[in-house]
Asks: 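Before anything else, here's the structure in question.
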Amino acid sequence: MSVLQLSHVTKRYGAFIAVDDISFSVEKGKILSLLGPSGCGKTTTLRMISGFEVANEGAVMFSGIDMKGRRPYERNVGLLFQDYALFPHMTVVENIAYGLKHRKFDKAKIPDRVAEMVSLVKLKGFEHRRPGRLSGGQQQRVALARALATYPEVVLLDEPLSALDAKLRQELRFELKEILAAVNATTIVVTHDQEEAMSLGDSVIVMSGGKIMQQGAPTEIYADPKTRFVAEFIGRSNWFSGQLAPGTGGLAKFKATSGINMIVPVSGGHLTGGQYDVCVRPERIQIDAATVASAGTPVNEIRGAIRDIAHLGADLHLVVEIAGGQLLTVTEKYTGQTLEQTGQEVSISFRPRDCIVVPSGS
Ligand SMILES: Nc1ncnc2c1ncn2[C@@H]1O[C@H](COP(=O)(O)OP(=O)(O)OP(=O)(O)O)[C@@H](O)[C@H]1O
Ligand SMILES: [Mg+2]
């Protein structure tokens, strides 16, 4: 049974719909990433799960039990908010113990539990410091320890790493994942950083305008987005808009409005032609590759000219101008190869199966 389940949950503020009929579930010990642009309803969703906000419609269930009418303190939730909200006048140990005291946890057992949490989040030696004398990363770990101390059924983390600088964010992302795994926490992580969502989550939900646009494993969302919105939100993308001919044998002809023709995949026969957008990820495009297609496997080839090359450590980012002045982004691994020159004419190629076809305007 799912530890957490939302069923057709809607939240309205007056006429405005902040969360619109969302349903999902999280299994024991799994991490769900909730991803989407600012204002799409992520925090509101967490607030309804924790009981700080009441849904207008739908049900929030913990292990099959409807939480309707239960106050926040009557729900076994561990919370971590963006600004951590640590008590500035309390030490690390007092902050971590706060929830345990508040929840009438067996008093005699509190010191042991706090010590356990201090060691879990690697803060030994800092027990008696106040938050003002801790780094951002250390404060974040105190907040996490406080959220996990009460053996919560559900852990809700709202932008847990957003107050940290980029380098620390990356380090703590891995640490956070390890800590959550160590306590087998059933977790929702809210973020608007797609990399963070993909690396933390066993599954990812992309929201927009209060609705769930797509849910799936990170790789599935990246490789098989169902709409242009999701494809653009997750990773870099190059786009062609145009007309799809009815397909046969899993492939179809696509004519972009710029005049470029290509072969794209069609699935399940539900693409019967019409107006579509085609996405090709930058890393799926090859420049001047030996495109000797083996029999029966067509390759899409386009002529273009290099407009820019940026050397970003292990990666090369190239901008290629093709027919109609359209600019494509291409990424390559840099392994010491001879670099193309700006202005150089090139042939770029990509396989039909590397094209993602979505309804136009989706
Ligand atoms: N108490 C409220 N009264 C009226 N509108 C609200 C209230 N709380 C949130 N909203 C609106 O509901 C929408 C969703 O807000 P929410 O805080 O869930 O967004 P979010 O996805 O968490 O965004 P962010 O990434 O910026 O934190 C927003 O348009 C917000 O203005
Ligand atoms: Mg928010």
Side-chain angles (χ1 to χ4, degrees), residues 4-26 31-60 67-72 75 77-86 136 139-140 143-144 146-147 152 154-166 168-170 172-173 176 180 185 187-201 203-216 218 221 225 227-235:
L4 174 67
Q5 190 178 3
L6 269 69
S7 173
H8 300 289
V9 170
T10 294
K11 178 68 197 176
R12 284 185 289 266
Y13 294 109
F16 177 75
I17 306 177
V19 172
D20 193 357
D21 190 23
I22 63 168
S23 301
F24 63 81
S25 57
V26 192
I31 302 177
L32 171 74
S33 293
L34 212 53
L35 178 67
S38 186
C40 74
K42 305 182 295 292
T43 296
T44 306
T45 301
L46 293 199
R47 290 176 63 80
M48 288 189 285
I49 296 168
S50 55
F52 288 105
E53 208 60 85
V54 180
N56 295 96
E57 283 157 40
V60 173
M67 290 291 116
K68 197 177 173 69
R70 291 212 200 177
R71 322 276 302 205
R75 304 181 186 200
V77 171
L79 276 173
L80 190 160
F81 285 108
Q82 180 173 357
D83 56 2
Y84 316 146
L86 294 175
Q139 291 182 43
Q140 191 269 350
L144 188 62
R146 188 178 57 180
V154 174
V155 177
L156 305 175
L157 310 175
D158 198 350
E159 302 274 3
L161 305 173
S162 65
L164 309 171
D165 64 58
L168 195 56
R169 255 183 112 117
Q170 290 227 341
L172 283 188
R173 188 195 291 168
L176 175 62
L180 293 171
T187 309
I188 299 184
V189 179
V190 162
T191 173
H192 51 245
D193 179 328
Q194 52 112 354
E195 215 180 271
E196 207 164 281
M198 309 263 289
S199 64
L200 284 172
S203 70
V204 177
I205 283 180
V206 181
M207 284 181 77
S208 171
K211 289 191 169 68
I212 291 179
M213 303 304 287
Q214 194 169 341
Q215 172 170 17
I221 299 252
T227 57
R228 181 160 178 157
F229 177 85
V230 172
E232 283 184 314
F233 205 77
I234 305 276

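Counting starts at 1 for both ligands and their atoms, in listed order. Computed from heavy atoms alone, side chains included, the values below leave out hydrogens, waters and symmetry copies.
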Asks: Side chains of P225 and F233: closer than 4.5 Å at any heavy-atom pair?
Replies: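 Answer no - side chains too far apart.
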
Asks: With a cut-off of 2.8 Å, does S38 place any N/O/S atom under that distance from the Mg ion (ligand 2)?
Replies: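 For S38, the answer is no, given that no N, O or S atom comes within less than 2.8 Å of the Mg ion (ligand 2).
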
Asks: List the closest protein heavy-atom neighbour of atom 1 (N) of ligand 1: residue, atom name, distance to the nearest 0.1 Å.
Replies: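 It is Y13 CE2, 3.5 Å.
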
Asks: Just to confirm, does any protein heavy atom lie below 4.0 Å from atom 6 (C) of ligand 1?
Replies: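 Given the 4.0 Å limit, the answer for atom 6 (C) of ligand 1 is yes, a protein heavy atom qualifies.
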
Asks: Kindly confirm or rule out an N or O of T45 lying under 3.5 angstrom from an N or O of ligand 1.
Replies: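 Between T45 and ligand 1 (N or O atoms, distance only) the closest approach is not under 3.5 Å.
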
Asks: I'd like to check I234 versus L35 (side-chain heavy atoms, cut-off strictly below 4.5 Å). Are they in contact?
Replies: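 Answer yes - side chains close enough.
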
Asks: Taking all non-hydrogen atoms of both residues, which atom of S33 and which atom of A197 are closest, and how far apart?
Replies: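 Smallest interatomic distance, heavy atoms only, reads OG-O, 2.8 Å.
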
Asks: Ignoring hydrogens, what is the shortest heavy-atom contact between S23 and I212? Give both atom names and the distance.
Replies: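 Nearest pair, atom of S23 first, then I212: O-CD1, 3.6 Å.
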
Asks: Any nitrogen or oxygen of A18, main chain or side chain, under 3.5 Å from a nitrogen or oxygen of ligand 1?
Replies: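 No.
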
Asks: Indicate yes or no for a side-chain donor-acceptor contact from K211 to the backbone of C40 under 3.5 Å, with no hydrogens or angles considered.
Replies: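 Checking the backbone N and O of C40 against the side chain of K211, no donor-acceptor pair under 3.5 Å is found.
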
Asks: List the atom of V9, the atom of A59, and the distance in Å for their closest heavy-atom pair.
Replies: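 Where V9 meets A59 most closely, the heavy atoms are CG2-O, 3.4 Å.
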
Asks: Can you confirm whether something in the protein, heavy atoms only, sits under 4.0 Å from atom 31 (O) of ligand 1?
Replies: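 When distances to the protein are checked, atom 31 (O) of ligand 1 has no heavy atom within 4.0 Å.
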
Asks: Where is the nearest protein heavy atom to atom 26 (O) of ligand 1: which residue, which atom, and how far?
Replies: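 Result for atom 26 (O) of ligand 1: S38 OG, 2.5 Å.
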
Asks: Any nitrogen or oxygen of T43 lying under 3.5 Å from a nitrogen or oxygen in ligand 1? Just yes or no.
Replies: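 Checking ligand 1 against T43, an N or O pair does fall under 3.5 Å apart.
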
Asks: To check your reading of the model: name the closest protein heavy atom to atom 28 (C) of ligand 1, its residue, and the distance in Å.
Replies: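 Ranked first by proximity to atom 28 (C) of ligand 1 is G39 O, 3.7 Å.
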
Asks: How long is the straight-line distance from CE of M48 back to CD1 of I22, given to the nearest 0.5 Å?
Replies: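 Those atoms lie 5.5 Å apart.
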
Asks: For the residue pair M207 and T45, what are the closest heavy atoms and their distance?
Replies: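 Scanning both residues, the minimum pair turns out to be CE-OG1, 4.0 Å.
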
Asks: Looking at ligand 1, does G36 have a heavy atom less than 4.0 Å from it?
Replies: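 Per 4.0 Å heavy-atom rule, G36 does not contact ligand 1.
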
Asks: Any side-chain heavy-atom pair from P160 and V189 closer than 4.5 angstrom?
Replies: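 P160 reaches V189 side chain to side chain.
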
Asks: Using a plain distance cutoff, I'd like to know if E159 has any nitrogen or oxygen under 3.5 Å from a nitrogen or oxygen of ligand 1.
Replies: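 No.
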
Asks: Counting only nitrogen or oxygen atoms and a 3.5 angstrom limit, does F16 reach ligand 1?
Replies: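 No, since none of the N or O atoms of F16 sits under 3.5 Å from an N or O of ligand 1.
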
Asks: Give the residue and atom name of whichever protein heavy atom lies nearest to atom 15 (O) of ligand 1, and the separation in Å to one decimal.
Replies: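 Checked against all protein heavy atoms, atom 15 (O) of ligand 1 sits closest to T44 OG1, 3.6 Å.
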
Asks: Minimum heavy-atom separation for S199 to R173, with atom names?
Replies: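 Closest pair (atom of S199, atom of R173, distance): OG-CD, 2.7 Å.
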
Asks: List the closest protein heavy-atom neighbour of atom 25 (O) of ligand 1: residue, atom name, distance to the nearest 0.1 Å.
Replies: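 The closest heavy atom on the protein side is K42 NZ, 2.7 Å.
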
Asks: Ligand 1 versus H192, non-hydrogen atoms closer than 4.0 Å: side chain, backbone, both, neither?
Replies: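 Near ligand 1, H192 shows its side chain, while the N, CA, C and O stay back.
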
